Amino acid sequence: MAKSAPLPGTSDIFPGEVGAWRFLEETARGVFNCYNYGELRTPIFEATEVFQRGLGDETEVVQKEMYTFEDRGGRSVTLRPEGTAGVMRALLNTDVLNGVEQRVFYIGPMFRGERPAAGRRRQFHQIGAENVGRIAPELDAEAIAMLLGLLEKLGISGSTLKLNTRGVAADRPAAAAALKEYFSKHIDILCEDCRKRLQGNVWRILDCKVESCREIIANVPDYAGMFSAESREYFQKVCRHLDWLGIKYEIDPFLVRGLDYYVHTVFEITHPGLGAQNAIAGGGRYELLLPGESKPVIGVGFAAGMERLLMVREALNLPANGDMEENRCVFVAALGEAAEEFKVKFTAELRNQGIAAAAEIAGKSLKAQMRAANRVNAACAVIVGEEELAGNTAVLRDLTGGEQKQVALNELIGEIKKLINKQ
Ligand code: HAM
């Protein structure tokens, strides 16, 4: 590993790339605002039990992927592998357990010790949203509509919405027994992991990617048909609301999602522009139990992977920064001692007026200064030498068009503003 490389599965995001991230963040804030969601910022690490209880001991994330360490005082803490559990912990401070709705969103880094690959990072970033405290099919449909609204505003077309129901806890034993019975008959064809899953969490077999397993999975019994009438009706209502909203979806009985807190509706958005890790976003309705609580927090929500959103936008040839304007600066070039003083003062003046400005350090040739202007992609350059200063003027050069003119110093800022606004 080169000395300058960050750890595997992590990345540095350089200033030139940050615009693309800010575009995602600002677009999400705009969309979520229209649905009355407020931003919640929770800590990057939590007590380990928050995730163990919240996501379920049996989930792969909890079993294999958490960054867990001992904090001062011997407390076990974990870098958040996802946002939902921490958000629920924070919302215990509100009235969500008494059915008072909270709408929150979050943007930030998550950590999973996965094997790094294209689109699979150890530190990755999510934009997520949670509607917490109440249960109703229309809220599930609305969360999906909001996610799709975000993708549309990001210019991401061609994605597929997959939808399924997980029923509720009481629905599962009978359905799981039917699945177990079915898979047991094909145990000799199942991969080693699935054989283990047959003893533990049989649902996880449904999203196994191994080819031979897929053939068996394709013919599983209709387990959702065994769920209670209420659960089936709940799912039908979600579908009906999506129909009302004109949202296209594929019902995918193999979609179970990796986290154990889901009940009823689960969904995932995939995009062909991504490789093997083709999920841009996933979510669903959940009942999440936190340590020391006897009642789960209920809600519906989703999270989209920001790295994957950027990959899809790149695959679709969309401009990295979206429609956000690049902040091009004014370059102040000086020749000679007296001009140096002007340069320092005028650069400060521009910045005080909210205009981005740049300059070279003293003593460089005009050529070197213009090279520096190029490097910072300046919109225009102000050039002053002894002669200009004596006449109370400066040269203003448009670095896009190439024209230049002599401008009186007292008109300089006005002329610069005109030029920048024109560009
Ligand atoms: P998740 O499906 O585990 O769900 O993650 C959501 C999204 O985060 C994925 O679709 C993917 O785009 C991105 N993602 C996950 N792991 C990685 C990784 N290692 N590298 C890059 N991107 C990744 C959750 O996290 C749930 N908390 C979503 C949720 C919110 N459900 C209800 N509310």
Side-chain angles (χ1 to χ4, degrees), residues 8-11 24 28 32 37 40 42 46 50-51 54-56 59-62 64-67 79-89 91 102-133 135 139-140 142-144 146-147 150-151 154 156 159-164 166 204 207 255-271 273-288 296-313:
T10 70
S11 309
L24 296 185
F32 296 168
Y37 280 64
L40 175 63
T42 64
E46 298 271 353
V50 169
F51 303 113
L55 313 193
T59 57
E60 207 155 294
V61 172
V62 170
K64 298 191 195 150
E65 297 171 358
M66 296 210 301
Y67 283 99
L79 299 185
R80 60 183 190 195
E82 57 98 62
T84 313
V87 166
M88 296 309 120
R89 188 219 21 87
L91 291 182
Q102 295 284 331
R103 295 174 170 233
V104 295
F105 73 91
Y106 48 92
I107 300 175
M110 308 289 161
F111 306 86
R112 295 185 193 173
E114 298 192 74
R115 197 165 41 78
R120 191 168 61 209
R121 320 289 302 156
R122 290 185 170 165
Q123 174 172 339
F124 59 99
H125 299 76
Q126 284 186 344
I127 295 178
E130 316 286 352
N131 182 337
V132 192
I135 172 164
L139 298 180
D140 301 17
E142 193 195 76
I144 293 172
M146 184 166 88
L147 171 57
L150 171 61
L151 297 184
L154 292 175
I156 296 176
S159 59
T160 303
L161 165 64
K162 293 185 175 167
L163 192 67
N164 193 19
R166 303 252 26 225
R204 299 291 310 169
D207 66 3
L255 178 68
V256 288
R257 308 264 309 128
L259 307 161
D260 277 357
Y261 50 54
Y262 290 111
V263 291
H264 290 302
T265 324
V266 285
F267 53 89
E268 214 156 75
I269 310 255
T270 58
H271 198 282
L274 293 170
Q277 309 301 322
N278 66 353
I280 332 177
R285 173 156 289 283
Y286 47 82
E287 287 178 359
L288 194 145
V297 195
I298 61 166
V300 62
F302 61 79
M306 294 177 75
E307 285 78 1
R308 295 190 193 174
L309 291 173
L310 292 176
M311 284 166 76
V312 172
R313 282 183 47 86

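Positions are given from 1 along the sequence. Counting convention: from 1, in listed order, for ligands and their atoms alike. Since we're looking at a predicted model, the values are computed, not measured.
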Between T84, T59, L55, which one has a non-hydrogen atom sitting closest to atom 30 (C) of ligand 1?
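It is T84 that holds the nearest heavy atom.
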Given G119, A85, A118, which has its nearest heavy atom closest to atom 21 (C) of ligand 1?
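Considering heavy atoms of G119, A85, A118, the nearest to atom 21 (C) of ligand 1 sits in G119.
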Quick check: Y37 with F105 (ring centres under 6.0 Å apart)?
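Ring centres of Y37 and F105 not closer than 6.0 Å.
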N/O to N/O below 3.5 Å, does that happen between R112 and ligand 1?
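Right, the criterion is met.
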Quick check: E307 and ligand 1, any N/O pair under 3.5 Å apart?
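No; every N/O pair is 3.5 Å or more apart.
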List every atom of ligand 1 that sits less than 4.0 Å from any heavy atom of [X], numbering the atoms from 1 in the order shown and giving each element.
| X | result |
| --- | --- |
| G283 | 31 (N) |
| Y262 | 26 (C), 28 (C), 29 (C), 31 (N), 32 (C) |
| R120 | 19 (N), 20 (N) |
| E82 | 25 (O), 26 (C), 27 (N) |
| A279 | 10 (O), 11 (C), 12 (O) |
| G305 | 7 (C), 8 (O), 12 (O), 13 (C) |
| Y286 | 32 (C), 33 (N) |

With a 4.0 Å cut-off on heavy atoms, is A281 touching ligand 1?
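Checking ligand 1 against A281, which is what was asked, there is a heavy-atom contact under 4.0 Å.
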Residue portion contacting ligand 1 (non-hydrogen atoms closer than 4.0 Å) for M110:
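Neither; no heavy atom under 4.0 Å.
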Do [X] and [Y] meet the criterion of a side-chain donor-acceptor pair at a distance under 3.5 Å?
| X | Y | result |
| --- | --- | --- |
| S11 | R121 | yes |
| Y286 | T84 | no |
| R257 | Y262 | yes |

Among I269, L154, L274, which residue satisfies the side-chain contact (heavy atoms from CB on, under 4.5 Å) criterion with V312?
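Among I269, L154, L274, the one meeting side-chain contact (heavy atoms from CB on, under 4.5 Å) with V312 is L274.
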Would you indicate whether the side-chain heavy atoms of R112 and E82 approach each other to under 4.5 Å?
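A side-chain contact exists here, since the closest heavy-atom pair is under 4.5 Å.
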Side-chain touch L91/V297, heavy atoms, less than 4.5 angstrom
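No - every pair of side-chain heavy atoms lies 4.5 Å or more apart.
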Where G83 and M110 come nearest, the two heavy atoms and their spacing:
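Shortest heavy-atom separation between G83 and M110 comes out as N-SD, 3.6 Å.
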